[in-house]
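Read through the structure below, which is laid out as structure tokens, and then see the notes.
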Amino acid sequence: MEKRSILHMLDPMPNNSPFDVNMALDAGFDVLIPYSNVKLDGVHGLTQDAIFSRGPNGVKRTGLFIGGRDIGLAIDMLSAAEQAMVPPFEISVFADPSGAFTTAAALVGCVEKELKTKHNLDLKDAKALVFGGTGPVGIATGVIASLEGAETVLVDHLSAETANDLAKEYNRRFKSNLKGACASSDEQKVELIADADIIFCTAKAGIQVISSKILSHAKALKVAGDVNAVPPAGIEGIKLNDFGKPMEHAPNASGVGALAVGNVKYQLQHLLLASMLTTDKPLFLDFRNAFAKAREIL
């Protein structure tokens, strides 16, 4: 009798994400077991409890999902789980804290496609700004873009020190080349976007970060992507379903809207979760796998 598929969902926050629970069920897992308030030092024991109870064949129907909001902690938890494996007792592990890895991969993938299609440029040829760049999605977006060669700046709305500290931290982790900046005023935003090829907007939902007045100064802008689906748009003029539509206030640029990004993000998370059930070898999945899959989809 084939064993049922089980996904153990580890989360350092008080609650597991209902979004992730829904996605895991729709991807084919039979049973979901949520664990909240999980500490890094508890991951090893939880992992070994999961791998030794089902036999070498049963572990192929067992997986771990790591959530939370801190992408650095999620990577550390993924590493701790991988180190706890004892071959042939090995299971697949997928880290996607707050959906940041799959959202960022979808955003960068969509923008990359537009950059190549409309301007015949690669990310390595571009300067990119990430507004809302100190949140989980913003940091992941910045890391992906930087690792692909883009000159990338994490932009915080309050503190250059915060942005620079996070850039340094994630440069150490991933050997990226991020920089930090602050844009608390329209004047600072205008100065930053004057020579930017790409604008990523990953700020909080319902907050307009870039107005049409600011956009009029973005003379070098080629593509802008916004993940905010709650009105008003993070970047004025980008509609939810836009994917490559010319921007009214930056006519040389095209926009990518939140639902266009979200469609790819949904596919990414579904495919990566489903892959945990079909692989013969354990998978250890993070933003790098998500971005590679985004390129395949696009």
Side-chain angles (χ1 to χ4, degrees), residues 7 9-11 17 19-24 26-29 63-79 81-82 91-116 122-123 128 130 132-133 135-150 152 154 170 173-176 178 198 200-202 225-227 229 243 256 258-279 281-298:
L7 185 65
M9 306 184 74
L10 312 187
D11 202 305
S17 164
F19 187 100
D20 295 332
V21 170
N22 293 346
M23 291 294 297
D26 290 343
F29 282 94
L64 289 180
F65 181 88
I66 296 170
R69 286 194 55 79
D70 184 326
I71 70 172
L73 177 58
I75 290 292
D76 289 343
M77 293 174 78
L78 175 65
S79 177
E82 185 173 3
I91 61 178
S92 293
V93 188
F94 178 17
D96 194 17
S98 291
F101 290 164
T102 46
T103 301
L107 175 60
V108 179
C110 289
V111 167
E112 179 187 52
K113 182 178 180 181
E114 278 301 296
L115 189 67
K116 187 67 174 179
D122 297 319
L123 287 169
V130 187
V137 177
I139 295 169
T141 296
V143 169
I144 293 170
S146 178
L147 291 177
E148 292 303 315
T152 309
L154 302 180
Y170 286 95
R173 278 185 174 274
F174 301 116
K175 302 190 186 306
S176 53
L178 296 166
I198 297 169
F200 297 110
C201 187
T202 63
D226 183 12
V227 299
F243 196 159
V256 179
L259 293 188
V261 174
N263 178 52
V264 178
K265 179 265 191 299
Y266 177 89
Q267 294 179 67
L268 284 177
Q269 190 168 354
H270 179 86
L271 289 169
L272 292 173
L273 283 164
S275 72
M276 299 168 73
L277 292 170
T278 57
T279 182
K281 295 182 179 180
L283 302 174
F284 301 96
L285 306 170
D286 62 17
F287 64 88
R288 287 160 284 211
N289 309 89
F291 186 59
K293 184 62 70 174
R295 281 175 157 170
E296 291 180 21
I297 292 171
L298 291 161

Scan the side chains in residues 138-145 for donor-acceptor partners under 3.5 Å anywhere in the protein, sequence neighbours excluded, and list what turns up.
from: Thr141; atom 1: OG1; to: Val137; atom 2: O; distance (Å): 2.8

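Among the candidates Leu123, Asp122, Leu107, the single residue satisfying the side chain to side chain contact (heavy atoms under 4.5 Å, CB included) test with Glu112 is Leu123. Exactly one residue among Phe94, Phe29, Phe19 makes a ring pair (Phe, Tyr, Trp, His ring centres under 6.0 Å) with Phe65. That residue is Phe94.
In this structure, Phe284 CZ and Ile66 CD1 are separated by 10.0 Å, a value rounded to the nearest 0.5 Å. To the nearest 0.5 Å, atom CZ of residue Phe101 and atom CD1 of residue Ile75 are 4.0 Å apart. Here the CD1 atom belonging to Ile198 is positioned 7.5 Å from the OG1 atom belonging to Thr152, to the nearest 0.5 angstrom. Within the model, atoms OG of Ser17 and CZ of Arg69 stand 10.5 Å from one another, a figure rounded to the nearest 0.5 Å. Atom CZ in Arg288 sits 7.5 Å away from atom CG in Leu147 (nearest 0.5 Å). To the nearest 0.5 angstrom, Leu64 atom CG is 9.5 Å from Leu78 atom CG.
Residues forming a ring pair (Phe, Tyr, Trp, His ring centres under 6.0 Å) with Phe174 (at least two apart in sequence, or on another chain): Phe287. Asp11 meets the side chain to side chain contact (heavy atoms under 4.5 Å, CB included) test with Met13, Asn16; sequence neighbours excluded.
Contact record, Ser176 with Ser146: CB-OG, 3.5 Å, taken as the closest heavy-atom pair. Residues Gly67 and Pro97 come closest through the heavy atom pair O-CB, 3.6 Å. For the pair Gln269 and Met23, the tightest heavy-atom approach, listed with the atom from each and the gap, is CB-CE, 3.7 Å. When all heavy atoms of Leu283 and Ser92 are compared, the closest pair comes out as N-OG, 2.9 Å. For the pair Leu268 and Thr102, the tightest heavy-atom approach, listed with the atom from each and the gap, is CD1-O, 3.4 Å. For Val261 against Ala106, the heavy-atom pair with the smallest separation is O-CB, 3.6 Å.
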*Show your working on side chain to side chain contact (heavy atoms under 4.5 Å, CB included) between Asn289 and Ser275 and close with a plain yes or no.*
CA-CA 11 Å; Asn289 309 89; Ser275 72; over 6 Å; no

_The test is side chain to side chain contact (heavy atoms under 4.5 Å, CB included); show your working for Glu82 and Val93 and say whether it passes._
CA-CA 8 Å; Glu82 185 173 3; Val93 188; over 6 Å; no

*Run the side chain to side chain contact (heavy atoms under 4.5 Å, CB included) check on Asp70 and Met77 step by step: do they pass?*
CA-CA 11 Å; Asp70 184 326; Met77 293 174 78; over 6 Å; no

*Check the pair Met276, Leu7 against side chain to side chain contact (heavy atoms under 4.5 Å, CB included), reporting the backbone distance first and the verdict last.*
CA-CA 10 Å; Met276 299 168 73; Leu7 185 65; 4.0 Å; yes

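Side-chain contact between Ile297 and Lys113 is absent, with no heavy atoms from C-beta onward closer than 4.5 Å. Residues Asn263 and Phe243 have side chains not in contact (no heavy-atom distance under 4.5 Å, counting atoms from C-beta outward).
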